[in-house]
Amino acid sequence: MRDNFATDFPLLKQMVNHEHLVYLDSAATSQMPEQVMAAITDFKKTDNANVHRGVYTLAQRATERYEGVREQVAAWIGASDAREIVFTKGTTEGLNWLARSLKIHQGDKIVLTMMEHHSNIVPWQQVAHRLGAELVYIEMTPDFQLDMADAQRKIDGRTAVVATTLVSNVLGTVTPVRELAHLAHRNGAVIVGDGAQAVPHMPIDVKQLELDYLTFSGHKMLGPNGIGVLWGKKALLDDLDPVEFGGEMISEVGLNETTFKPTPWKFEAGTQNITGVIGLGAAIDYLQMVGWKQIQQNNQQLVQQALTALAKIPGLEIYGKPTDMVQTGIISFNLAGIHPHDVATALDMQGIAVRAGHHCAQPLMKALGVPATCRASFYLYNTTTDVTRFVDALVATKEFFTNGIS
Ligand SMILES: Cc1ncc(COP(=O)(O)O)c(CN[C@@H](CS)C(=O)O)c1O
């Protein structure tokens, strides 16, 4: 079994600032292997046509490949029926559609957590303002977990929706989504899962997690950007109205009235990102070729190696629980007295790419009491050498800002 997949990723072969690139920002977007690129190129060279619209052979082939990926995604997340898979632009679009479509009424509660990404906060704020619903946030514990006692207090009979990330993009925290689902269902609410940081790193079974909806993005799991998935229980999706309208999602259009196609096609208006769907399918093929055991062992090995080395750097603060971070490959940190942007810039000068900022989680930054953090995020193409380069560059950065150029 191969133990290093970096050679499949062309982008990682380059030099940056005269150093070999070490890419540690997969939580923002992952890199694409040759195999996914080849699948997209092959589609464009042989089967490219619009889907569901042509009777000619090429169009049939394109439609079969497009719907074949729908089946593949359904199996990938343990969905009961491929018709529960709706293709979107990404996690954000899926969450916006749900916020605009779910049956929420004045006085209802929408329960979020303090760990949410802006994509799982701002859409719900719009609904709350428009409908007079109340936004409520589940607090965090000092060890970066969700406060489930607080969740039990806040998820009650007035709750219409519980919307939670499965994994924090800042802390790497794996949330107890099944427990939250139980609390939601016990109170007659639906639960929406933001799977952006979870689906790339761990096996997801929507039935086992007892979710009602799940959204995720292709570009975070080796696929192209502009493609994502909204999964929902079939009966719930059947009851949702589409929020985008136009060609292909209709059954019959009159001068004043239109009937829509059934789930999922009623949600897929206009020409879809067919190429993105093909790329998503190829990304799932690649991840299945690697296998969860290797993906998770690699995350665990690299994060443990990094945490052990980072613990030896005076003034370095880490935000997150190691048992979570090893599962998700996310390490957020700050160097005392040095702004995260300065740290990331200094690391970039040494060929190391990390993210610095609020990571589209400003309420969480405020709860942590910091304006921003640095974040290193690992994936299956990173190696122990990457970790060593990262830590050495961080030590050099601290030295530079503490004692000047040596
Ligand atoms: C938990 C979570 N939820 C939603 C999103 C949005 O994904 P989109 O593919 O952009 O729609 C993200 C994307 N977080 C990136 C960009 S801010 C990060 O650097 O952390 C996320 O991490």
Side-chain angles (χ1 to χ4, degrees), residues 1-9 12 22-33 35-36 72-73 75-78 91 115 143-145 164-178 193-209 211 214 216-223 229 280 282-310 318-332 354 375-388 390-391:
M1 189 67 178
R2 288 175 57 186
D3 61 4
N4 180 348
F5 296 91
T7 52
D8 287 343
F9 296 79
L12 299 178
V22 174
Y23 182 77
L24 301 180
D25 197 21
S26 298
T29 199
S30 64
Q31 297 306 333
M32 193 184 283
Q35 290 85 338
V36 173
Q72 186 183 11
V73 174
W76 174 250
I77 63 171
T91 305
M115 299 181 183
D143 65 341
F144 309 104
Q145 305 301 293
T164 179
T165 192
L166 273 61
V167 167
S168 163
N169 67 314
V170 173
L171 305 168
T173 301
V174 181
T175 58
V177 66
R178 198 154 176 255
D194 170 350
Q197 298 295 344
V199 172
H201 290 275
M202 56 190 69
I204 296 294
D205 182 326
V206 289
K207 292 198 287 293
Q208 188 274 334
L209 293 175
L211 285 167
L214 176 73
F216 57 96
S217 300
H219 71 96
K220 298 208 194 286
M221 45 179 281
L222 311 183
V229 171
L280 179 64
I284 293 174
D285 285 338
Y286 188 89
L287 288 169
Q288 287 177 321
M289 176 273 289
V290 175
W292 285 122
K293 186 167 180 250
Q294 283 234 230
I295 293 169
Q296 295 183 315
Q297 278 179 350
N298 194 54
N299 268 352
Q300 179 152 4
Q301 179 188 13
L302 298 187
V303 170
Q304 277 173 342
Q305 177 192 349
L307 291 176
T308 301
L310 295 175
I318 290 176
Y319 309 93
K321 193 174 180 181
T323 49
D324 286 320
M325 295 189 276
V326 295
Q327 294 183 67
T328 57
I330 289 171
I331 302 179
S332 279
V354 299
R375 183 191 67 190
S377 48
F378 300 86
Y379 208 4
L380 58 89
Y381 37 69
N382 289 122
T383 65
T384 55
T385 304
D386 290 346
V387 176
T388 303
F390 162 57
V391 173

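Each residue takes its place number in the sequence, starting with 1.
Side-chain polar atoms of Gln305 and Thr388 form a donor-acceptor pair below 3.5 angstrom.
Every pair passing side chain to side chain donor-acceptor pair (under 3.5 Å) that includes a residue from residues 23-32 is listed here, sequence neighbours excluded: Asp25-Arg375, Ser26-Tyr381, Thr29-His219.
Taking NZ of Lys321 as the reference point, atom OG of Ser168 lies at 14.0 Å (rounded to 0.5 Å). Put simply, CG on Leu24 and CG on Asp386 are 6.0 Å apart, with the number rounded to the nearest 0.5 Å. One finds the CG atom of Asn299 at 8.5 Å from the CG atom of Asn382 (value rounded to the nearest 0.5 Å). Atom CD1 of residue Ile77 and atom CD of residue Gln72 lie 12.0 Å apart, to the nearest 0.5 angstrom. Taking CG of Leu307 as the reference point, atom CD1 of Ile331 lies at 4.0 Å (rounded to 0.5 Å). Here Ile204 contributes atom CD1 and Leu166 contributes atom CG; the two are 5.0 Å apart, rounded to the nearest 0.5 Å.
By the 30° and 60° cut-offs, the orientation of the rings of His201 relative to Tyr379 is tilted.
Residues Val177 and Thr164 meet the side-chain proximity criterion, which asks for heavy atoms closer than 4.5 Å. Between Gln35 and Asp285 there is no side-chain heavy-atom pair separated by less than 4.5 Å. Under the 4.5 Å side-chain criterion, counting only non-hydrogen atoms from C-beta, Leu287 is in contact with Leu380. Considering only heavy atoms from C-beta on, Gln327 stays 4.5 Å or farther from Val303 through its side chain.
Although no hydrogens or angles enter the test, the distance criterion places a donor-acceptor pair under 3.5 Å between the side chain of Thr173 and the main chain of Phe144. A distance-only check finds a donor-acceptor pair linking the side chain of Gln197 to the backbone of Ala27 [under 3.5 Å]. When atom types are taken as modelled, the side chain of Gln288 and the backbone of Tyr286 share no donor-acceptor pair closer than 3.5 angstrom.
When the options Thr7, Leu222, Val290 are evaluated for a side-chain contact (heavy atoms from CB on, under 4.5 Å) with Pro33, the one that passes is Leu222.
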Checklist entry - For Leu302 and Phe390, what are the C-alpha separation, side-chain angles and deciding distance, and is it a side-chain contact (heavy atoms from CB on, under 4.5 Å)? => result CA-CA 11 Å; Leu302 298 187; Phe390 162 57; over 6 Å; no
Next on the checklist: As a quick check of understanding, evaluate side-chain contact (heavy atoms from CB on, under 4.5 Å) for Thr175 and Val167, giving each step before the final call.
Outcome noted: CA-CA 6 Å; Thr175 58; Val167 167; over 6 Å; no
Checklist entry - Please walk me through it: do Leu280 and Trp76 pass side-chain contact (heavy atoms from CB on, under 4.5 Å)? => result CA-CA 11 Å; Leu280 179 64; Trp76 174 250; over 6 Å; no
Checklist entry - After noting the C-alpha distance and the side-chain angles of Val170 and Ile330, does the key distance pass the side-chain contact (heavy atoms from CB on, under 4.5 Å) rule? => result CA-CA 7 Å; Val170 173; Ile330 289 171; over 6 Å; no
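The shortest non-hydrogen separation linking Phe378 to Ala306 is CZ-CB, 4.3 Å. What you find for Ala283 and Met221 is that their closest heavy atoms are CB-O, 3.3 Å.
Here Ala196 pairs with Thr91, Asp194, Lys220 under the side-chain contact (heavy atoms from CB on, under 4.5 Å) rule; sequence neighbours left out.
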